[in-house]
Undergrad: 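Next up is a structure, given as structure tokens.
No hydrogens, no waters, no symmetry mates; every other heavy atom, side chains included, goes into these values. Note that ligands are numbered from 1 as they come in the structure, with each ligand's atoms numbered from 1 the same way.
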Amino acid sequence: MEHQDLVLTQVEEKFQREQLTALINSVGMAIASTSTSGIIRVYNPALLDLLDTHEYLGGKQLDDAFHLYDPGGNPTSLQQILAKSDRLVERDDLSHQFANGERINLSISYAPIKGSRTAETVSPDGYIFIVRDITKAKTLEEERKEFISVVSHELRTPLAIVEGAISLLQYQVDNKKDPAEYAPMLRSAHEQVIYLASMVQDLSTLSRVERGASDTVETININELLTELYRHYLERANNRGLQLLLELPPAVENVICSRLYLEEILQNFVTNAIKYTDAGTITIAAKDAGDGIAFSVTDTGIGISKSDQKRIFDKFYRSEDYLTRKTSGTGLGLYVVHKLARKLGAPITVESELKQGSKFSFVLSKKPADRYDETSEDV
Ligand code: ADP
């Protein structure tokens with residue numbers, strides 16, 4: 001080759017190399033190449049982000065950078081995994097552990113880079129791999145699977161009771177039994193259908209919340225909203241022999257937020273307060289609290305034990321307490337409330353003492369911009 005041509009080819013090669021480097025550096029996925037013995041050669045900044053390090057990785061052993069665990073939770077070597085590959089492999093069952101013990105789930109695609117090729121053998125010159133952090137996707141997927149399994153389990157029992165009651169009724173009708181005997185069966189079927197309806201209602205609210213279907217905000221007049229809430233529940237409380245009070249200064253400042261979310265949270269607190277209080281008073285209150293409006297619903301009911309207070313926001317959690325068990329409920333209400341409160345950036349506080357009563361409260365910031373919406377981290 002002429003000297004001039006050689007220089008041209010070198011310039012072209014340099015240009016292509018630079019372009020390739022720029023391309024690899026600009027992608028968000030972590031990419032690296034190694035020698036056959038697992039020494040890191042080339043890598044992009046995304047790999048440093050993924051491994052949460054600023055260290056220079058060139059020349060380092062793969063297994064010094066990655067601390068991998070297999071699906072069984074046992075330490076495993078990335079270098080040995082790569083060494084076994086003879087084609088492109090994709091897997092998402094490995095996790096990496098950081099120095100502080102925290103783990104992330106990884107999706108890794110890897111392949112050998114074939115360096116030299118003779119008629120008989122193909123010898124890899126090294127490996128190339130692409131890694132992604134799929135922790136969030138994995139957690140969501142696991143949560144979804146668990147949720148479906150719990151929902152189907154929760155639906156099975158009431159459906160079995162309804163099915164049993166109806167088939168017994170059918171038998172009694174067919175055999176012309178005394179209609180007075182039908183009553184207990186009818187009542188139990190009816191109760192279970194009401195329970196199923198409330199479960200469907202809670203699930204549909206949950207799905208709306210998760211889709212963000214009611215995220216739209218509007219200016220809300222708190223005095224109107226709470227007065228409306230008070231009027232709506234007054235009869236139900238009185239029918240249970242309870243006093244319902246509204247503590248509201250004449251003009252609480254308006255807030256800008258999703259009406260559905262705020263209403264849903266307060267309604268849940270009030271219905272629970274009515275449900276879990278046998279005698280006494282339920283107080284709905286709102287007041288100015290500097291940068292925010294402080295809302296609370298207080299009851300003089302059965303109360304919640306310290307250990308239950310940690311769990312009542314979990315999905316389907318209902319206290320084992322017999323006083324709770326004699327009421328019907330899905331255990332989804334406060335789970336939905338928790339999600340909504342996070343959307344509004346207003347964490348819920350529970351104060352409660354057994355047999356004394358409970359107070360559920362939260363402070364909603366007056367400025368929507370101050371609200372920290374944690375939902376992006378919500379799983
Ligand atoms: P549900 O009322 O359908 O069981 P929730 O998610 O609304 O479900 O509440 C979860 C649990 O928290 C209830 O089962 C009950 O044990 C407890 N709880 C909620 N609110 C109160 C309250 N005001 N007083 C006593 N216990 C309560």
Undergrad: For side-chain hydrogen bond (donor to acceptor under 3.5 Å, both in side chains), just list the numbers for S365 and D291, CA-CA rounded to whole Å, side-chain angles, deciding distance to a tenth of an Å, and then say yes or no.
TA: CA-CA 6 Å; S365 166; D291 291 340; over 6 Å; no
Undergrad: For F129 and F66, take the angle between the two ring planes, folded into 0 to 90°, and tell me which bin it lands in: parallel under 30, tilted 30 to 60, perpendicular over 60.
TA: perpendicular
Undergrad: Between F98 and H96, does the ring centroid distance fall short of 6.0 Å?
TA: yes
Undergrad: What residue and heavy atom of the protein are closest to atom 2 (O) of ligand 1, and at what distance?
TA: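 It is Y276 OH, 2.7 Å.
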Undergrad: Is it true that atom CD of E228 has more than 12 heavy atoms of other residues, nucleotides or ligands lying nearer than 6.0 Å?
TA: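 No.
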Undergrad: Could you tell me, atom by atom, which parts of ligand 1 come under 4.0 Å of a heavy atom of F360?
TA: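 In order of number, 20 (N), 23 (N).
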Undergrad: Among protein heavy atoms, which lies nearest atom 7 (O) of ligand 1, and at what distance?
TA: N272 ND2, 2.9 Å
Undergrad: Out of F269, Y195, Y317, whose heavy atom is nearest to atom 10 (C) of ligand 1?
TA: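 Nearest option to atom 10 (C) of ligand 1, by heavy atoms: Y317.
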Undergrad: Should you measure from each heavy atom of L334, which atoms of ligand 1 turn up under 4.0 Å away?
TA: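 Answer for ligand 1: 5 (P), 6 (O), 7 (O), 9 (O), 12 (O), 19 (C).
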Undergrad: Which of the atoms in ligand 1, numbered in the order shown and given with their element, are less than 4.0 Å from a heavy-atom of I302?
TA: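 Matching atoms, with element in brackets: 25 (C).
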Undergrad: Might you confirm whether atom CZ of R208 has over 12 heavy atoms from other residues, nucleotides or ligands at distances under 6.0 Å?
TA: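 Atom CZ in R208 is crowded, with more than 12 foreign heavy atoms closer than 6.0 Å.
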Undergrad: Distance to 0.1 Å, residue and atom name: give those for the protein heavy atom nearest to atom 17 (C) of ligand 1.
TA: I312 CG2, 3.8 Å
Undergrad: Report the residue from L364, L262, N254 that forms a side-chain contact (heavy atoms from CB on, under 4.5 Å) with I222.
TA: L262
Undergrad: Of all the non-hydrogen atoms in the protein, which one sits nearest to atom 26 (N) of ligand 1, and at what distance?
TA: I304 CG1, 3.3 Å
Undergrad: Please confirm whether F313 comes under 4.0 Å of ligand 1, counting heavy atoms of the residue only.
TA: no
Undergrad: Looking only at distances, can you tell me whether any N or O atom of S319, backbone or side chain, sits closer than 3.5 Å to an N or O atom of ligand 1?
TA: yes
Undergrad: Give the residue, atom name and distance (to 0.1 Å) of the protein heavy atom nearest atom 4 (O) of ligand 1.
TA: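 Checking every protein heavy atom, the shortest distance to atom 4 (O) of ligand 1 gives R318 NE, 2.5 Å.
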Undergrad: Can a salt bridge be assigned to the pair R240 and D278 using a cut-off of 4.0 Å between side-chain N and carboxylate O?
TA: yes
Undergrad: Tell me: protein heavy atom nearest atom 23 (N) of ligand 1, and distance?
TA: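 Checked against all protein heavy atoms, atom 23 (N) of ligand 1 sits closest to D299 OD2, 2.8 Å.
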Undergrad: Relative to the heavy atoms of G303, which atoms of ligand 1 are at a distance of less than 4.0 Å?
TA: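 Result: 25 (C).
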Undergrad: Taking 4.0 angstrom as the limit and counting only heavy atoms of T330, give me the atoms of ligand 1 inside it, by number and element.
TA: 3 (O)
Undergrad: With the threshold set at under 4.0 angstrom, would you say G331 reaches ligand 1 through any of its heavy atoms?
TA: yes
Undergrad: Answer yes if the ring centres of F360 and F269 are under 6.0 angstrom apart, and no otherwise.
TA: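 They qualify: ring centres under 6.0 Å apart.
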Undergrad: Can you list the atoms of ligand 1 that are under 4.0 Å from a heavy atom of K275?
TA: 1 (P), 2 (O), 3 (O)
Undergrad: Salt-bridge test for E142 and K145: reply yes if a basic N is under 4.0 Å from a carboxylate O, no otherwise.
TA: no
Undergrad: Which pair of heavy atoms, one from T205 and one from V336, lies closest together, and at what distance?
TA: CG2-CG1, 3.9 Å
